[in-house]
Amino acid sequence: MLEPLARHSMVKASAAGWSAVMNRYPELASEPIVVGWAHAGRPLIVRRPACSDTVGLVPLGLPLPPSHGKRRIAVSLATAVIVASAPPPLLADTATAAPEAWRETIEKLLQLLPETRTYGSLAWQHLTGLPYLSDSSDLDLLWPLSAAKQPGALLSDIARIAKQAPMGLDGEITGPTGGVQWRELTGTDADEVLVKGPAGVTTTTRAAFLAGHVS
């Protein structure tokens, strides 16, 4: 049995597979940008499964840009029609698509952890060439626990950068069992945190989650 794709993974569907999705969700046919999504080589993002999802299919999301209502579309695909998958892009690779006002903050974040990845509006603008970023956009990031030499220091440094940033800094510290919203991890070791994994949400303590750190 194949391991489920990690949340936030970016996948591409075959043309035939996407046509099958359009047949399964006829209400999406009114959105030309959605109908032509896979044909344009644009990705979808792996999300947590919902109760309404069909068992055995990969739960995916397609967030439309603000010019198309900023709608978040949920679909599911068979593994057989996924022709490519990759982690969300590295923050370093998306920097050229960022607003000028964000550049200094991005540089600080890259100095802190070069392995940082991004999955929100900046990632979608970089991956699709469509205008996703607006004045109210946050910067959504994933910090891999395995790349952090000192997880506690990483959290305090993120908090320091966030206080000075011109945009909101959102995102998760990611470990072997899933991701935890970074602000939740700034509490005490006994505090309970929500871990968002590929199959759903579990709970653990801050100390237990950070113990998954691999040097």
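Quick note: numbers below take in every heavy atom, side chains included, and nothing from hydrogens, waters or symmetry partners. Nothing fancy with the numbering, it's 1 onward along the sequence.
Between Ala13 and Trp18, the shortest heavy-atom distance links the atoms CB-CE3, 4.4 Å. In plain terms, the two heavy atoms of Gly197 and Arg7 that are nearest each other are O-CD, 3.3 Å. Looking at every heavy atom in both residues, Thr174 comes nearest to Pro144 through OG1-CA, 3.3 Å. In this structure, Trp102 and Ser137 approach most closely via the heavy-atom pair CZ2-O, 3.6 Å. Annotation for Ser85 and Leu5: closest pair OG-CD2, 3.9 Å, computed over non-hydrogen atoms. Shortest non-hydrogen contact noted between Ser14 and Val83 is CB-CG1, 3.7 Å.
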(message) Using the rule given for side-chain contact (heavy atoms from CB on, under 4.5 Å), can you reason through Val201 versus Val195, listing the C-alpha separation, both sets of side-chain angles and the distance that settles it, and then say yes or no?
(response) CA-CA 6 Å; Val201 178; Val195 184; over 6 Å; no
(request) Evaluate the side-chain contact (heavy atoms from CB on, under 4.5 Å) criterion for residues Ile173 and Leu142: first the C-alpha distance (whole Å), next the side-chain angles of each, then the deciding distance (0.1 Å), finally the verdict. (result) CA-CA 6 Å; Ile173 307 294; Leu142 298 171; over 6 Å; no
(request) Could you go through the salt bridge (Lys or Arg N to Asp or Glu O under 4.0 Å) check for Asp191 and Arg206 one step at a time? (result) CA-CA 6 Å; Asp191 284 347; Arg206 175 186 184 273; over 6 Å; no
(request) Would you check, one step at a time, whether the test side-chain contact (heavy atoms from CB on, under 4.5 Å) holds for Lys70 with Leu64? (result) CA-CA 5 Å; Lys70 212 173 179 179; Leu64 294 180; over 6 Å; no
(message) Could you go through Thr177 and Thr202, starting from their C-alpha distance and side-chain angles, then the distance that decides it, and tell me whether this counts as side-chain contact (heavy atoms from CB on, under 4.5 Å)?
(response) CA-CA 9 Å; Thr177 56; Thr202 57; 5.8 Å; no
(request) Could you walk me through whether Lys108 and Glu104 pass salt bridge (Lys or Arg N to Asp or Glu O under 4.0 Å), step by step? (result) CA-CA 6 Å; Lys108 290 177 181 176; Glu104 184 178 350; 3.7 Å; yes
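Contact of the Pro63 side chain with the Trp124 side chain is registered, since non-hydrogen atoms from C-beta on lie closer than 4.5 Å. Contact check for Thr105 versus Met167: side-chain heavy atoms found under the 4.5 Å cut-off. Looking only at side-chain heavy atoms (C-beta outward), Tyr119 and Pro89 stay at 4.5 Å or farther from each other. Annotation: side chain of Val58 is in contact with side chain of Thr79 (closest heavy-atom distance under 4.5 Å). For the pair Ile82/Leu44, no side-chain contact is recorded, criterion being any heavy-atom separation below 4.5 Å from C-beta on. Ile106 is listed as a side-chain neighbour of Leu122, based on a closest heavy-atom distance under 4.5 Å. Looking at heavy atoms from C-beta onward, Leu194 lies out of side-chain contact with Val180 at the 4.5 angstrom threshold. You'll find the side chain of Val11 stays beyond 4.5 Å of the side chain of Pro43, heavy atoms only.
The hydrophobic cluster containing Leu57 does not contain Val46, counting ILVMFWY residues as joined when their side-chain heavy atoms lie under 4.5 angstrom apart, directly or transitively. Residues Leu90 and Ile161 do not share a hydrophobic cluster, clusters being chains of Ile/Leu/Val/Met/Phe/Trp/Tyr side chains in contact below 4.5 Å. Both Tyr25 and Ile45 are assigned to one and the same hydrophobic cluster, defined by single-linkage of ILVMFWY side chains at heavy-atom distances under 4.5 Å.
Residues in residues 30-48 take part in these side-chain hydrogen bond (donor to acceptor under 3.5 Å, both in side chains) pairs, two or more places apart or across chains: Arg47-Asp53.
Atoms CG and CG, from Leu185 and Leu154 in turn, are 9.5 Å apart once rounded to the nearest 0.5 Å. One distance of note links OG of Ser67 with CG of Leu130; it measures 7.0 Å at 0.5 Å rounding. With rounding to the nearest 0.5 Å, the separation of CZ in Phe209 from OG1 in Thr203 is 13.0 Å. We find the OG-CD distance between Ser156 and Gln150 to be 9.0 Å, quoted to the nearest 0.5 Å. Rounded to the nearest 0.5 angstrom, Leu141 CG and Thr116 OG1 are separated by 6.5 Å. Here the CH2-CG distance, from Trp143 to Leu112, works out to 8.5 Å after rounding to the nearest 0.5 Å.
More than 12 heavy-atom neighbours from other residues, nucleotides or ligands sit within 6.0 angstrom of CD on Glu115. The environment of CG in Asn23 is crowded: more than 12 heavy-atom neighbours from other residues, nucleotides or ligands sit within 6.0 Å.
Considering Ile33, Ile73, Leu28, Val21 as possible partners of Leu62, the one that fulfils the side-chain contact (heavy atoms from CB on, under 4.5 Å) test is Ile73.
No donor-acceptor pair closer than 3.5 Å links the side chain of Arg117 to the backbone N or O of Leu91.
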